[in-house]
Amino acid sequence: MSWLPLSFGAPMVLWGLLALPVIWYLLRLTPPRPRTEVFPPLRILARVLRREETPHQSPWWLTLLRLLMAALVVTALAEPIFNPREKLPAEGSALALVIDNDWASAADWGKRVATAERLIADAGSNGVPVVIAFTAEKPNAEIGPFDASAALDRLRAAKPRPIPTDRPAVYARVAATLERLPGASVAVLADGLAATGDEAAFKTLLERNAARLVWATSDRLSLTGLTGADNQVDGFTLTAIRAPGDPAPAQVTAGAFDDKGRRIADAALTFAPGQATATGTMKVPFELRNDFASIALDGEHQAGAVRVLDESSKRRRVGLLSQAEADQAQPLLSPLYYIRRALQPFADLVEPSSADLADAIPQLLDQKPAMIIMADVGTIPAQVRQRLVDWVNNGGTLVRFAGSRLAAAGNDDDLLPVRLRSGERALGGALSWTTPQPVTEFPKNGPFADLAPPTEVTVSRQVLAEPTPDIVERTWATLADGTPLVTGMKKDKGTLVLFHVTPEATWSNLPISGSFVEMLRRIVQLSRNQGAAVANAEAAAASLAPYRMIGADGALVPPTPDARPLVPAAGPLPVTLENPPGLYGSETGVFAHNLLNASSTFTPLARPQVSLPVTAIPYAFDESENLKGPLVTLALLLMVLDTLAVFWMGGLFSRRPRRAAATAAALLIVFGGLFGHADFARADDSKPGDAQAIEDISKTRIAYVITGEPGVDSISRAGLEGLTRFLIEKTALEPGPPAGVDISKDELTFYPLIYWPIDATAPMPSEAAIARIDAYMQQGGTVLFDTRDQFSNGIGAGSASPATERLRDILGNLNVPPLEPVPSDHVLTKSFFILPEFPGRFNGSPLWVEASLDASNTENRPVRTGDGVSPIMITGNDFAGAWAVDENGDPMLPTVPPDPMQRVYALRAGVNIMMYMLTGNYKSDQVHVPVLLERLGQ
């Protein structure tokens, strides 16, 4: 029964309102007020009149109060609901919920969950099983059928993923499940974006066993994505897209952020009416553009509006130098012509104003270039030579091209990667027995390893390198006869490169080939890292470990447990659950893997044309409100007022204030118990029983803090299980299974060590919970805090990751002693294994422990002094991620970098920590062993 914004679940109860007149007649009667007399009793008896007593009429306001109370009770029993919602069609043999939880659903994920909750609630009221599947989850995820309670649990545990949907595979699984449940209602909660294979996927899902389609989608596709961010000569050019056909103009603002999350530039992108693409330019200085780490659109909380940048997006300044005069009539013969054409798209080129090398080289160095290219430059003047050598040693990249001047200049060990033979070598011609040589496969140890050899390139003239033992290591490109074409070497922090041909097409046609552009691009990329080239390019290209990921809401987060190493390829790489968008690599160099590319478009998803009954619903929160509770509460309050009014009319509050106060206090206690639902539990109800306590202390167990984040907690448990296995295998200790503890209520004294993974998205512990941790640490327990990132190397002031910021908030309420990184002579370094460091899944953060303030005799003792065990340890290396194993004992997460020995060292670090916890610093007394043995001998 519904009347506009108000409905009733049991409208027949409202007939009880007709009894209000009868109730009014009964309630209007009240006994007469008793008379008060003063002793002696004889005088009272003498004045008592023998007359018939009749009840007085109750005041109108008291009658109205009682009528209102009765009306409230009747209305509450009728189950009133304000702003009732329409019941959704969740009926049939089952309800199949197919929900898009990809990046496009992140912005309004709360509305989608609320809509799905209403569908599940209606299915539960109808006793219908629920099949629930998400289109951006693992292909083997369980989809049911479930009862309504289990389906709600799975819905609330799901989160949007920063990846596209996989509707064909998920819809096929749901269709296979519905073969056992024909006649089911299918609810599709789509993100509004069309994808490849949608038509076939909907046909598979709806064609056979579906009886009804519930179609839920947004009113309009309002997404805006960032598909391009190119560092051009005059600025950073940005490209944004939106759904086509929008007649309204729109403007979005893009912000550029550095690697510490600071906003350093803005740009506005304007969509014309009906246009789906907008462009804009961030016109900022060259040096500032190279600090860009990511670019994001304001107001768009989804992964498609963020682009991370790697070295390929950073422009470097390249200096060009040649001793030959430019020929204006024949520019193709200029030594720098092809170099300019090859480098101009991705580098800022600078040239000196003077042709004299003594002036030209300082002019270039003053502009702080990342790379200098010398086209057939012979002898370097002595007055500027040392400055050029120092520039190379400090990280500069020097690229030299051969020619007649270089061939005649002789060797230069400081500015050439190899020693050269005097003169030149001619291939082909009337006076030569040889023919022009082609280029063979590029060596695997050079930066050109992933390039295909140019079959059309031949060399007819070159300078030769002296055969030395290290010539193979320094060769980056070779000819078919084995002679080097390009050589290079690291020199301190810099790089020296030599092309054994001229930069114009006189000695070879290499400068007019496409391979020439790619080769120079690779060298520029090396210069961007200040010459930090990867020693084995093939191994580096094999896989890149996840470094920082883009979350579904567009935030940069640490790698997720599902992330796997990325294998770079020439074309666009797919975004999957194993390879989500983000940065892959390490601190020395990263590869940007973005969600959208230049060819991406937003196509609205069309509702499938089916013969089934279709119900279209919008995404919305449930705004209905059950009024039964408030009405009952109001009726009880009126009952309290009625009771007080009766006491007042009876004279209870007139002459006996003490009795009145006692009566009022009793009433407050009674009604406080009714409204407050006080739970007077016994003192030991919240404590574990004796049997549980005995079980907890029967074996040594490592505990971990339950954060409430399922992914974090599962990795913590798997990590401690892996460490437990390693302890049983390598030591005499046989710990029990790890225990998850709720620090707000569980007993902590049973565990010598508690592992606490810090997660910025987990709820902040209460002050009472932190106080319990503080008491645990003061009583001898140790807490190992793990921020699980290597972006923060300390806990002091300054820029830090969100996890480190959360750790600071927690530590601010604890009595934390002075801390220091584990010294080389600390007990932890030798409690079982000899360890110089304590790596985890990462190896970039120190392990912080309580500082040894009185370690005055470190020269005569093998370890630091002190009698206690550090009550706190802090790391950012993700110990649990390195320890975590699956049921088969195989590692669950890759280490960063992917080194198998790093995992072994991480497990050894865990053993040292446990032995330190259980035995203390007993090894600090090992210095007395010789004295003890001597006394025993006496």
Side-chain angles (χ1 to χ4, degrees), residues 316-365 367 369-381 384-385 388 391-392 396-412 414-418 420 424 457 459-465 476-477 484-488 494-513 515-524 526-527:
R316 290 301 185 196
R317 183 168 290 140
V318 178
L320 304 182
L321 187 61
S322 174
Q323 287 185 279
E325 296 291 339
D327 191 346
Q328 300 297 331
Q330 295 180 328
L332 298 181
L333 298 181
S334 171
L336 297 176
Y337 177 80
Y338 295 108
I339 296 176
R340 292 192 191 98
R341 297 291 299 271
L343 293 178
Q344 195 167 12
F346 52 88
D348 285 314
L349 307 180
V350 294
E351 298 184 41
S353 59
S354 173
D356 186 1
L357 294 180
D359 296 330
I361 292 178
Q363 289 178 10
L364 290 179
L365 295 178
Q367 299 189 57
M371 185 169 76
I372 294 178
I373 298 180
M374 294 183 174
D376 190 19
V377 174
T379 304
I380 306 298
V384 297
R385 184 177 183 280
L388 182 61
W391 173 80
V392 172
T397 299
L398 178 62
V399 181
R400 305 186 68 174
F401 282 84
S404 57
R405 293 183 180 84
L406 180 63
N411 286 295
D412 190 339
D414 292 326
L415 296 175
L416 286 175
V418 294
L420 301 177
E424 308 161 11
V457 171
V459 175
S460 59
R461 198 172 180 182
Q462 68 174 147
V463 292
L464 290 176
W476 289 3
L485 174 62
V486 181
T487 54
T495 304
L496 295 174
V497 183
L498 173 63
F499 282 78
H500 293 242
V501 294
T502 57
E504 70 277 359
T506 55
W507 289 18
S508 171
N509 59 351
L510 175 64
I512 61 175
S513 68
S515 298
F516 185 70
V517 178
E518 292 301 323
M519 293 167 75
L520 288 181
R521 184 190 295 267
R522 296 294 193 280
I523 298 175
V524 171
L526 294 184
S527 72

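Predicted, not measured: the structure shown is a model, and the values here were computed from it.
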- Message: Using a 3.5 Å distance criterion without hydrogens, assess whether the side chain of Asp376 forms a donor-acceptor pair with backbone atoms of Ser322.
- Response: no
- Message: Working to the nearest 0.5 angstrom, can you tell me the gap between Asp412 CG and Thr379 OG1?
- Response: 8.5 Å
- Item | Considering all heavy atoms, the nearest Leu336-Leu321 contact | CD2-O, 4.1 Å
- Nearest 0.5 Å, what's the CG-OH distance between Leu343 and Tyr338? 15.0 Å
- Message: Testing the basics here: between Ser508 and Pro511, what is the closest heavy-atom pair and its distance to 0.1 Å?
- Response: O-CD, 3.4 Å
- Item | Pair Met519-Val497, side-chain contact (heavy atoms from CB on, under 4.5 Å): steps then yes or no | CA-CA 11 Å; Met519 293 167 75; Val497 183; over 6 Å; no
- Could you check whether the rings of Phe499 and Phe516 sit parallel, tilted or perpendicular, using 30° and 60° as the cut-offs? perpendicular
- Item | Pro352 backbone acceptor or donor facing Gln367 side chain under 3.5 Å | no
- Item | Short side-chain to backbone donor-acceptor contact, Ser460 and Trp507, under 3.5 Å | yes
- pair Leu510-Val459: side-chain heavy atoms closer than 4.5 Å: no
- Message: For a quick test of reading the model, state the closest non-hydrogen atom pair linking Asn509 to Ile512 and the distance between them.
- Response: O-CG1, 3.1 Å
- Reference residue Met374; test side-chain contact (heavy atoms from CB on, under 4.5 Å); the match among Leu498, Leu415, Leu357, Leu388: Leu388
- Task: Evaluate the side-chain proximity of Leu365 to Ile372: yes if any heavy-atom separation is below 4.5 Å, no if none is.
- Result: yes
- Side chain of Gln363, backbone of Ser353: donor and acceptor closer than 3.5 Å? yes
- Query: When you measure from the side chain of Arg461 to the backbone N and O of Gly403, does any donor-acceptor pair fall under 3.5 Å?
  - Reply: no
- Query: Which atom pair, heavy atoms only, marks the closest approach of Gln462 to Pro484?
  - Reply: NE2-O, 3.2 Å
- Where do Pro335 and Ala375 come nearest, in terms of heavy atoms and distance? CB-CB, 3.8 Å
- Message: Please identify which of these residues, Val399, Leu320, Leu349, meets the side-chain contact (heavy atoms from CB on, under 4.5 Å) condition with Ile339.
- Response: Leu320
- Note on the structure: All heavy atoms of Glu504 vs all of Thr502, minimum pair found to be O-OG1, 3.0 Å
- Query: Rounded to the nearest 0.5 Å, how far apart are CD1 of Ile373 and CZ of Arg340?
  - Reply: 11.0 Å
